[in-house]
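These numbers were taken from a predicted model, which means no experiment stands behind them.
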Amino acid sequence: MTDIRQQIETLRREIRRHDRLYYVEAAPEISDRQYDRLMDELKALETAHPELITPDSPTQRVAGEPVEAFATVTHAAAMLSIDNTYDHESLREFDRRVRRGLDGRAPGGYVVEPKVDGVAVNLRYENGRLVLAATRGDGRTGDDITANVRTIRVIPWRLRGDDGGVPEVVEVRGEVFWPTALFLQANARRVEQGLEPFANPRNGAAGTLKQLDPAVVKERRLSFVAHGFGEISGDLPERASQLAARLERWGVPFSGETTIVADIDAAWEAIEAFAAIRHTLPYAVDGAVVKVDRFDEREDLGATSRFPRWCIAYKYEAQQARSVLLDVDFQVGRLGTITPVARLTPVQLAGTTVSNASLHNFDQIERLGVRIGDTVVVEKAGEIIPQVVEVVDGRRPPDARAIGVPGACPVCQGPVARDEGGVYLRCVNPECGAQLRERLRWFAGRNQMDIEHLGPALIDQLVDTGLVKHFADLYTLTDEQLTPLERMGRQSARNVVEAIAGSKDRGLARVLAGLGIRHVGGRAAEILAETFGDVDALAAAGPEDLVATHEIGPVIAASVRRFFDSGAGRDTIERLKAAGVRMTADRAAAGAAPLAGKMVVITGTLSGFSRAAATAAVKAAGGRTASSVSAKTDFVVAGDSPGSKADKARALGVEIIDEAEFVKRLKA
Ligand code: IVH
């Protein structure tokens, strides 16, 4: 047993180390696949020994159940804002104020940090363990978002080196941000799924932290960088920079771009140097923050009701440029959404050459009153996505043309229709070539059917030559049909056909995800597949059966029903079936799993498990948990002082078991 315990601890240490290498140091030593393997190994051991699961195990990073709403918490020390300046002179003025506040003495150094454009949070560690994460809120009270924050991999659940060196209470403050590259990917996916994209990474991060389901937060892969402190017990070092270095050793990520400088002139140099490289960072930066480094001087300077007097933010100018609107193109997405894209005379903007910018939708065009030929102002939203924000007055040429709303799909000439809200225009021809292309790319994608060798260029050729008009046509392609295509030979044709055939056995979840049913992403697809087992059972499920599924809401349910009720949807399923695509859930691991297919509800306090640990143990044993008892519940685990859930179980005749029995069943 001690062996197993040691093995588990070693794996956990390894995984935490790789988390840090990946997210904090951006220097991973192993591939994602190898990382997943370590995680699988740990999960397997924990499944076999659920009594060894601890709440801070890396397997517990997704807390089990979505919370109902966030609890309000009062900050131990108020979270103030920062005063802003926009020019060199006011920065000198800040330095003069600091000296006056220190009775004429010069401060003993400043630190200059990036001003990360994210969402401020406070992380409270007690005895080295993360016990509370809260939003800034109004500065005095914020929301308890601990479950969501626990899914952010760079945020340690436990400070490393609990050798007694960690103070009893440490509050770390910093910004949760959405790394630019991941944000752009997620936004592109949202557009594909027919969802409104986020305006910028900050809004995206803020919206994500307000999600009630931590699993959604985990998927978005937010990150964090620390920049300050709240309550701290015990003795402080002399300088904030020393405390930051100490916390960094304990595993809290501070910005690597921080510079410690002697005086305000050096601070200005650091700000200017930083301006030049800020676009190369993985997060959006809208300025630099200058702070007095010594804690005793911070104390002497104090704060106004809104700002500390020991720091100031220097905001970089908004990144804007003028350009001329040459034309507007219309792009058709996977779900038929038609997006107007501005073609511009190329301009330099925030480190890149911009010649296209989003016009979002037709309402936006109307709001701007923009015409082709106009001089327009382009801005990078959240410093990232170029968009047209305004028309420059008095520069409209006489031959300026209005931007027409297409009456037909620009690609297939098929019918178009306004979306529910009236904001988006969609091509409603299910056979539209543009949609087919995008849908095939999606279908073949790594997280869907994962068909190697079926890349965008080949898909274009398959659509253009009419060889593929439907997903199912992929499965009847032959070497002879493919060999004559450009850049194909006999061997490559063979490889493609084999790769396609190999995808037949991916299972129901992958197929569902690949079909591009609106609102059904990878996770919903997995849940639907696991719950219903095969496609016929799913097709037969009524809206109420779908909604009764844990985590499937009315929007997803309606969309699934719409798909199976439509002629095109039924036809797709029939054709894929006929092509030999397996549409049953993967139950490979489930056969051996002790709780395979069981729906479990946990209520009351268990002595050996936190709620999250119990939920994870059920999951690891192949079962699922729900937050409320229904006729679908297989059994209820009742701990101390079980509430109304136990009553409801009795009323419905659902079996109730105690903790000892629960532990037995996990191992059975
Ligand atoms: S110091 C009392 N440092 O900007 C000191 N804030 O506009 C306040 N921010 O609420 C925080 N980067 O969320 C500090 N390096 C940095 C920062 C930073 C971003 C945010 C912070 C604050 C907001 C004020």
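With no hydrogens or angles considered, no side-chain donor-acceptor pair links S559 and R518 at under 3.5 Å. Side-chain N/O atoms of R611 and T605 include no donor and acceptor closer than 3.5 Å. No hydrogens or angles considered: a donor-acceptor pair under 3.5 Å links the side chains of R582 and T584.
Ring-centre distance between F198 and W178: below the 6.0 Å cut-off. Taking the six-membered ring for Trp and the full ring otherwise, the centers of F183 and F177 sit at least 6.0 Å from each other.
Taking the side chain to side chain donor-acceptor pair (under 3.5 Å) definition, one finds that T47 meets it with nothing, sequence neighbours left out. Every residue was checked against the salt bridge (charged side-chain N to carboxylate O under 4.0 Å, His left out) condition with R140, not counting sequence neighbours, and none meets it. By the salt bridge (charged side-chain N to carboxylate O under 4.0 Å, His left out) test, E452 pairs with no residue at all, sequence neighbours left out. Partners of E655 by salt bridge (charged side-chain N to carboxylate O under 4.0 Å, His left out), not counting sequence neighbours, listed by chain and number: R665. Taking A501 as the reference, nothing meets the side-chain contact (heavy atoms from CB on, under 4.5 Å) condition, with sequence neighbours excluded. In this structure, D634 has no side chain to side chain donor-acceptor pair (under 3.5 Å) partners at least two apart in sequence or on a different chain. R136 is linked by a side-chain contact (heavy atoms from CB on, under 4.5 Å) to M79, S81, A120, counting only residues two or more places apart in sequence or in another chain. A search for side chain to side chain donor-acceptor pair (under 3.5 Å) contacts involving E175 returns H227, not counting sequence neighbours. Checked against side-chain contact (heavy atoms from CB on, under 4.5 Å), V654 has the following partners two or more places apart in sequence or in another chain: V629, T633, V636, A649, L652. Here R650 pairs with D647 under the salt bridge (charged side-chain N to carboxylate O under 4.0 Å, His left out) rule; sequence neighbours left out. Every side-chain contact (heavy atoms from CB on, under 4.5 Å) that L80 has, sequence neighbours left out, goes to A78, A303, P308.
The list of ring-ring contact (aromatic ring centres under 6.0 Å, His included) pairs with a residue in residues 615-656, not counting sequence neighbours, is empty.
The pair R523-E526 does not count as a salt bridge, with every side-chain nitrogen at least 4.0 angstrom from each carboxylate oxygen.
Taking the side chain as every heavy atom from C-beta outward, R150 and P214 never approach each other to under 4.5 Å. For the pair M39/L11, no side-chain contact is recorded, criterion being any heavy-atom separation below 4.5 Å from C-beta on.
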